[in-house]
Amino acid sequence: HPHAGRDVPLAAPDQREEDGHCRRVVVGAGAAGAGVVMRDQEQAHLQAIEIEKKRADDLLHVILPDSVVEELKATDSVKPRRHENVGVMFCDIVEVPHYCDGREPEEVLAHLQQLVELFEEMALRHGLEKMKTVGDAFMATAGLLKPVDNPVLNCVKCGLEMVAATPALPPSWHVRVGVHVGPVIAGVIGRRQYLFDVWGDTVNTAARVESLGAPNAVNVSAAAWHHISHLCHSDAYGRVYVKGKGELEMYRVDKLIED
């Protein structure tokens with residue numbers, strides 16, 4: 001009988017089973033490979049998150065003291081606290097306001113950056129906490145977060161170094177330092193651009209002592225002087241009138257006796 005077409009031979013049972021097994025192996029291998037890729041991608045993503053978290057944490061530690069960062073991370077807030085016997089120091093660069101006139105911003109900021117970095121090193125060496133810079137003024141405290149034997153002495157030692165070192169750096173500026181001691185309130189306010197700060201009459205008085213004192217010198221209030229009178233050579237200014245406070249007795253510290 002004539003055939004409409006040639007018969008297509010069927011594969012033997014063993015051959016069909018082998019082909020099916022090969023397809024399962026290929027599919028299985030492909031799924032396993034995709035799983036490995038997904039796990040690698042997930043691991044890379046988690047590592048990137050950890051890197052960003054560490055970067056944010058490091059930045060927070062640069063902005064805020066370590067103890068404040070830990071409290072902020074644990075409670076999402078920082079409890080305000082009163083601290084007794086805290087030395088507060090302001091160091092103001094005398095010539096900066098006039099120096100800025102007619103000069104390029106990059107030049108002014110380069111000199112300020114160099115000087116502030118030096119002040120930060122000095123503050124750290126003498127056990128002071130840098131609080132902030134306000135314009136061209138550098139503010140620091142002693143005995144606020146870490147106990148020290150004599151907060152005023154730490155501030156004065158740091159201030160004397162600042163006075164001596166500043167003219168040696170270009171453009172040969174001079175500083176005026178003011179120190180006072182007493183109770184302060186410390187804490188963090190606001191939700192953006194966090195700043196750990198201190199408030200109170202002690203802070204205001206330290207700022208007044210600085211602004212009313214002699215340039216190229218460390219100036220202290222009478223309250224601060226009593227903490228170091230036996231440790232330094234000093235000169236009394238007498239009583240200086242301070243608006244809103246009345247008369248304020250001030251001294252200039254020329255040198256520490258231990259030096």
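These values consider heavy atoms only, across backbone and side chains, with no hydrogens, waters or symmetry-generated copies.
- Taking all atoms of both residues into account, the shortest heavy-atom contact from W199 to A186 is CZ3-C, 4.1 Å.
- Within a 6.0 Å radius of CD in E104, other residues, nucleotides and ligands contribute 12 heavy atoms or fewer.
- We find the CD1-CZ distance between I93 and F119 to be 5.5 Å, quoted to the nearest 0.5 Å.
- For the pair S234 and Y251, the tightest heavy-atom approach, listed with the atom from each and the gap, is OG-CD2, 4.4 Å.
- In terms of hydrophobic clustering, with Ile, Leu, Val, Met, Phe, Trp and Tyr side chains grouped at heavy-atom distances under 4.5 Å, V242 and V209 are assigned to a common cluster.
- Between the CG atom in D235 and the NE2 atom in H233 there is a gap of 12.5 Å [rounded to 0.5 Å].
- Other residues, nucleotides and ligands contribute more than 12 heavy atoms inside 6.0 Å of the CD atom of E247.
- Both V116 and L118 belong to a single network of hydrophobic side chains, linked directly or stepwise wherever heavy atoms of I, L, V, M, F, W or Y lie under 4.5 Å apart.
- A continuous path of ILVMFWY side-chain contacts below 4.5 Å connects L144 to V188, so both sit in one hydrophobic cluster.
- The NZ atom of K255 lies 12.0 Å from the SG atom of C232; values are rounded to the nearest 0.5 Å.
- Summarising the geometry, atom SG belonging to C100 is positioned 6.5 Å from atom CG belonging to L112; distances are rounded to the nearest 0.5 Å.
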Which atom pairs, donor and acceptor, lie under 3.5 Å between side-chain atoms of residues 158-183 and protein residues at least two apart or in another chain?
from, atom 1, to, atom 2, distance (Å)
E161, OE1, R125, NH2, 2.5
E161, OE2, H126, NE2, 3.0
T166, OG1, M162, O, 2.7
S172, OG, P167, O, 3.3
H174, ND1, E95, OE2, 2.8
R176, NE, E210, O, 2.9
R176, NE, E210, OE2, 2.9
R176, NH2, D92, OD2, 3.4
R176, NH2, E210, OE2, 3.3
H180, ND1, S221, OG, 2.6

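- Between D201 and K245 there is a side-chain heavy-atom pair separated by less than 4.5 Å.
- Here the closest heavy-atom approach between residue N154 and residue A142 is recorded as CB-CB, 4.1 Å.
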> Which is it for V156 and L231 under the side-chain contact (heavy atoms from CB on, under 4.5 Å) test, yes or no, and what are the steps along the way?
Replying inline: CA-CA 11 Å; V156 168; L231 299 171; over 6 Å; no
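- Residue D101 places its CG atom among more than 12 non-hydrogen atoms of other residues, nucleotides or ligands, all under 6.0 Å distant.
- Contact of the M38 side chain with the E42 side chain is not registered, since no non-hydrogen atoms from C-beta on lie closer than 4.5 Å.
- Using a 4.5 Å cut-off between side-chain heavy atoms of Ile, Leu, Val, Met, Phe, Trp and Tyr, with links allowed through other members, L115 and L128 fall into the same hydrophobic cluster.
- Atom CG of residue L109 and atom CD of residue Q114 lie 13.0 Å apart, to the nearest 0.5 angstrom.
- H227 is listed as a side-chain neighbour of N85, based on a closest heavy-atom distance under 4.5 Å.
- Annotation: the span from E249 atom CD to W225 atom CH2 amounts to 8.0 Å, rounded to 0.5 Å.
- Hydrophobic cluster membership differs between V218 and V94, with clusters built from Ile, Leu, Val, Met, Phe, Trp and Tyr side chains linked at under 4.5 angstrom.
- In this structure, N219 contributes its side chain and A214 its backbone to a donor-acceptor pair below 3.5 Å.
- Between V203 and V88, the closest heavy-atom pair is CA-CG1, 4.4 Å.
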I'd like a table of donor-acceptor pairs (distance under 3.5 Å, sequence neighbours excluded) in which one partner is a side-chain atom from residues 129-139, with atom names and distances.
from, atom 1, to, atom 2, distance (Å)
K130, NZ, E120, OE2, 2.7
K132, NZ, D197, OD1, 3.4
K132, NZ, D197, OD2, 2.8

